[in-house]
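Read through the structure below, which is laid out as structure tokens, and then see the notes.
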Amino acid sequence: MEERVYTLIKNRNNPRSKLFAHRVIDWQQRHGRHGLPWQGADVYRVWLSEIMLQQTQVVTVIPYYLRFVARFPTIAVLASDSEDAVLAHWSGLGYYSRARNLHRTAQLIMQRYEGKFPQHFEDILALPGIGRSTAAAISAFAFHERCAILDGNVKRLLARYHAIEGYTGEKKIEAQLWQQAEALLPKRNVAVYTQGLMDLGALICTRSKPQCPICPLQTDCAAYQNELVTQLPTPRPRKVLPEKHSTFLLLLNGPDILLEKRPGSGIWGGLWCPPHVDPGLLNEAQDPRAYCLQYFGTETIHTLALSTFTHTFTHFKLHITPLLLQVINKPKQIQEAGMAWLNVDDALQAAIPTPVRKLLQEIQTRRRAL
DNA sequence: AAACCGGGGTA
DNA sequence: TACCCAGGTTT
């Protein structure tokens, strides 16, 4: 908070920042994006759009957003529905922990704020799934507060505008960028300004092939003036990806497949997956059939080992070996919560990660061929 | 295949 | 507090 007061004072009578903001606002009014479904909407819709936009581009978000608000028109409706219903409407957008945070936050707002979204920046920032930049965006768009955002687009734009070298995820560089973001804030029209920054970053100051010739900041942009645009921002330092292995047990019983809901945190948090074991564990048991009998109470015929494929995450590669196992006894009623026999068609509608979707689709294809 | 990304988790 | 993580899209 002190920091913002400081920049406010410093910002006063600073013609350079005034020029910057003026150009952004003027460009936004002439050429920026208008008529997006969440522009000028209530804080719930602004919040929802910001969470969806954290992970996905505007054109992709729009249909999901419209379906979501049609199904969950208010915070109260969202809070009172089940997590699975919320995840189902998020299905296809990915990043499901954000949907779960959204749902959790809606319930928290009902309890702690009597259903009314908090208006103060600090309270917004304290909500699950909302960090500094998202809290600022909500404050600016919904409450016209004078708060600076710093999302990926703005990082790139500012790194170029000031020719700041160094990976923008690095602590030191990020601190510089935040300072600039605050220093450049206009006194008025913060919502238009903020949308302008986002739109400039998304439409003009793009990662590759930026449209410098039509950029309103061209004459002041240090990267442009020094021909550094293609070199900035500095890319993330590269790392070698570790590799892991996993065996997926595809237990099939007629039209059904056994899935388990993964724990809330970690890889594929809260998503439905077939049971899987790391190879070391299975080697000990030797026989996947014995493993299935022990853990799932199912007699199985080991029908087929599908070909191993690789799924690449940001931080490691996962080599997946799918084993197709046909269940031959009628499986006992599932006792554990978070385990279910699901019709493959229904499973494809549920919240499942991409490699699982691939496998389920392959199972369906095989079935049709039979 | 690599780059990207805002917030959460953890040591 | 300073890292490190996650997963889907874009290039």
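Convention: sequence-line order gives letters A, B, ...; per-chain numbering from 1. Bear in mind that the values here come from a model prediction, so they are computed numbers and not experimental data.
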Quick one: label Thr56(A) by what it contacts on the DNA or RNA (base, sugar-phosphate, nothing), any heavy atom closer than 4.0 Å.
nothing
Please report, rounded to the nearest Å, how far the P atom of dA6(C) is from the CZ atom of Arg98(A).
13 Å
Hey, does Phe316(A) reach any base, or is it just sugar-phosphate, or nothing, if we go heavy atoms under 4.0 Å?
sugar-phosphate
Over all strands shown, is Arg357(A) touching base, sugar-phosphate only, or nothing at heavy-atom distances under 4.0 angstrom?
nothing
Length of the CD-P vector between Gln54(A) and dA6(C), whole Å
18 Å
Chain A contact limits on DNA chain B, taken 5' to 3' with a cut-off of 4.0 angstrom to heavy atoms:
dA2(B) to dG8(B)
Charged N to carboxylate O below 4.0 Å: is that the case for Arg45(A) and Asp42(A)?
yes
Find the distance Met52(A):CE to dG8(C):P and express it as a whole number of Å.
15 Å
May I ask you to evaluate whether Gln57(A) reaches the phosphate of dT10(C), defined as a side-chain N or O under 4.0 Å from OP1 or OP2?
yes
Just one of Gln225(A), Arg23(A), His162(A) clears the side-chain hydrogen bond (donor to acceptor under 3.5 Å, both in side chains) bar with Asp220(A), so which one?
Arg23(A)
Specify the residue among Lys171(A) and Ile352(A) whose closest nucleotide of DNA chain C lies further upstream toward the 5′ end.
Lys171(A)
CG of Leu87(A) to CG of Leu93(A): how many Å apart, nearest 0.5 Å?
11.5 Å
Is there a donor-acceptor contact under 3.5 Å from the side chain of His103(A) to the main chain of Asp84(A)?
no
Please report, rounded to the nearest Å, how far the P atom of dG8(C) is from the CG atom of Leu318(A).
13 Å
Could you tell me how far apart Leu271(A) (CG) and dA6(C) (P) are, to the nearest whole angstrom?
13 Å
Starting from the 5' end of DNA chain C, give me the residue, Ser208(A) or His311(A), whose nearest nucleotide shows up first.
His311(A)
Taking atom C1' of dA6(C) as reference, at what distance in whole Å does atom CG of Leu93(A) sit?
16 Å
Tell me the interatomic distance from Lys172(A), atom NZ, to dA2(C), atom C1', rounded to whole angstroms.
15 Å
Please, which pairs that meet ring pair (Phe, Tyr, Trp, His ring centres under 6.0 Å) have at least one residue in residues 52-87 of chain A, sequence neighbours excluded?
Trp38(A)-Tyr65(A), Phe68(A)-Phe72(A), Phe68(A)-Trp90(A), Phe72(A)-His89(A)
Does the gap between the ring centers of Tyr161(A) and Tyr224(A) come in under 6.0 Å?
no
Take the protein atom CG of Leu53(A) and the nucleotide atom C1' of dT10(C), then report the distance between them rounded to whole Å.
16 Å
Heavy atoms, side chains only, cut-off 4.5 Å: are Leu184(A) and Leu197(A) in contact?
no
